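For clarity, every value in this text was computed on a predicted model and none was experimentally measured.
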Amino acid sequence: MMCIPFRYINCDEDGGKVVQVLMISSSSGPGLLFPKGGWENDETVKEAAVREAVEEAGVRGVLMDFLGDYEFKSKTHQDECSPEGLCKAAMYALYVKEELETWPEQKTRTRTWLTIEEAVESCRHAWMKDALVEGFCKWHKEKMGKGEEIADDD
């Protein structure tokens with residue numbers, strides 16, 4: 001499970017808005033990542049994506065659309081069934097409404113808001129870059145570009 005947390009900031013006098021995505025530092029090396037992780041037996045894929053955003057990035061919001069499945073190699077998942085460690089991450093967009101002051105992984109991760117261009121440059125993994133460009137950007141242009149309102153779950 002993985003999500004791309006995003007928000008809008010006002011950038012000019014015309015009321016134009018710029019999209020920013022939230023990335024977090026990796027605990028195992030340079031480069032930035034999007035919150036991701038596995039899911040527990042008692043939760044849905046969507047619930048897992050929301051939980052990972054809270055645990056790793058300290059953000060809450062509205063889980064938007066499914067952006068696609070992205071394959072990647074994982075050293076921690078190499079075993080007899082999958083010697084090459086191939087995993088699949090279900091990617092979602094998460095509209096951030098709240099940044100928590102404290103969160104479970106704040107001692108090992110820093111969070112950074114970036115423009116799409118900055119995020120593409122900073123992405124540690126090629127598959128995450130693909131998810132950002134091919135998944136998030138296309139979805140955002142098609143769906144949010146039409147001025148669709150974000151439903152409030154509160």
Minimum heavy-atom separation for [X] and [Y], please, with both atom names.
X: Tyr8; Y: His140; result: OH-NE2, 2.8 Å
X: Met64; Y: Phe6; result: CG-CE2, 4.1 Å
X: Val62; Y: Lys97; result: CG2-CD, 3.5 Å
X: Met128; Y: Leu33; result: SD-CA, 3.8 Å
X: Phe66; Y: Ala90; result: CE1-CB, 3.9 Å
X: Ala53; Y: Pro35; result: CA-CB, 4.1 Å

Where the side chain of [X] meets the backbone of [Y], is there a donor-acceptor pair that is under 3.5 Å apart?
X: Thr108; Y: Glu105; result: yes
X: Glu56; Y: Ile24; result: no
X: Trp103; Y: Val59; result: no
X: Arg109; Y: Ser25; result: yes
X: Glu55; Y: Glu52; result: no

Do [X] and [Y] come within less than 4.5 Å of each other through their side chains, counting heavy atoms only?
X: Lys143; Y: Asp65; value: yes
X: Phe136; Y: Ile116; value: yes
X: Glu118; Y: Thr115; value: yes
X: Met2; Y: Trp127; value: yes
X: Val21; Y: Pro5; value: no
X: Leu94; Y: Ile4; value: no

Looking at [Y] and [X], is any side-chain nitrogen of the basic one under 4.0 Å from a carboxylate oxygen of the acidic one?
X: Arg51; Y: Glu43; answer: yes
X: Arg111; Y: Glu99; answer: yes
X: Glu142; Y: Lys138; answer: no

Separation between CG (Leu132) and CD (Glu117), nearest 0.5 Å, reads 9.5 Å

Distance col, row Glu47:CD vs Leu63:CG, nearest 0.5 angstrom, shows 10.5 Å

- [ ] Show your reasoning for whether side chain to side chain contact (heavy atoms under 4.5 Å, CB included) applies to Leu22 and Phe34.
- [x] CA-CA 7 Å; Leu22 182 68; Phe34 293 110; over 6 Å; no

- If Ile, Leu, Val, Met, Phe, Trp and Tyr residues are connected whenever their side-chain heavy atoms lie under 4.5 Å apart, and connections chain through other members, are Val50 and Val45 in the same group? yes

Shared hydrophobic cluster for Trp113 and Val18 (ILVMFWY, side-chain gaps under 4.5 Å): no

- Where do Leu114 and Leu32 land on the side chain to side chain contact (heavy atoms under 4.5 Å, CB included) test, with the steps shown first? CA-CA 11 Å; Leu114 302 164; Leu32 297 175; 3.7 Å; yes

Next item on the list: Check the surroundings of atom CD in Glu101: do more than 12 heavy atoms from other residues, nucleotides or ligands lie under 6.0 Å from it?
Entry: no

| message | Counting neighbours of NZ on Lys46 that are heavy atoms of other residues, nucleotides or ligands and sit closer than 6.0 Å, is the number greater than 12? | response | no

Grouping ILVMFWY residues whenever side-chain heavy atoms fall under 4.5 Å, the cluster of Val54 otherwise contains Leu100

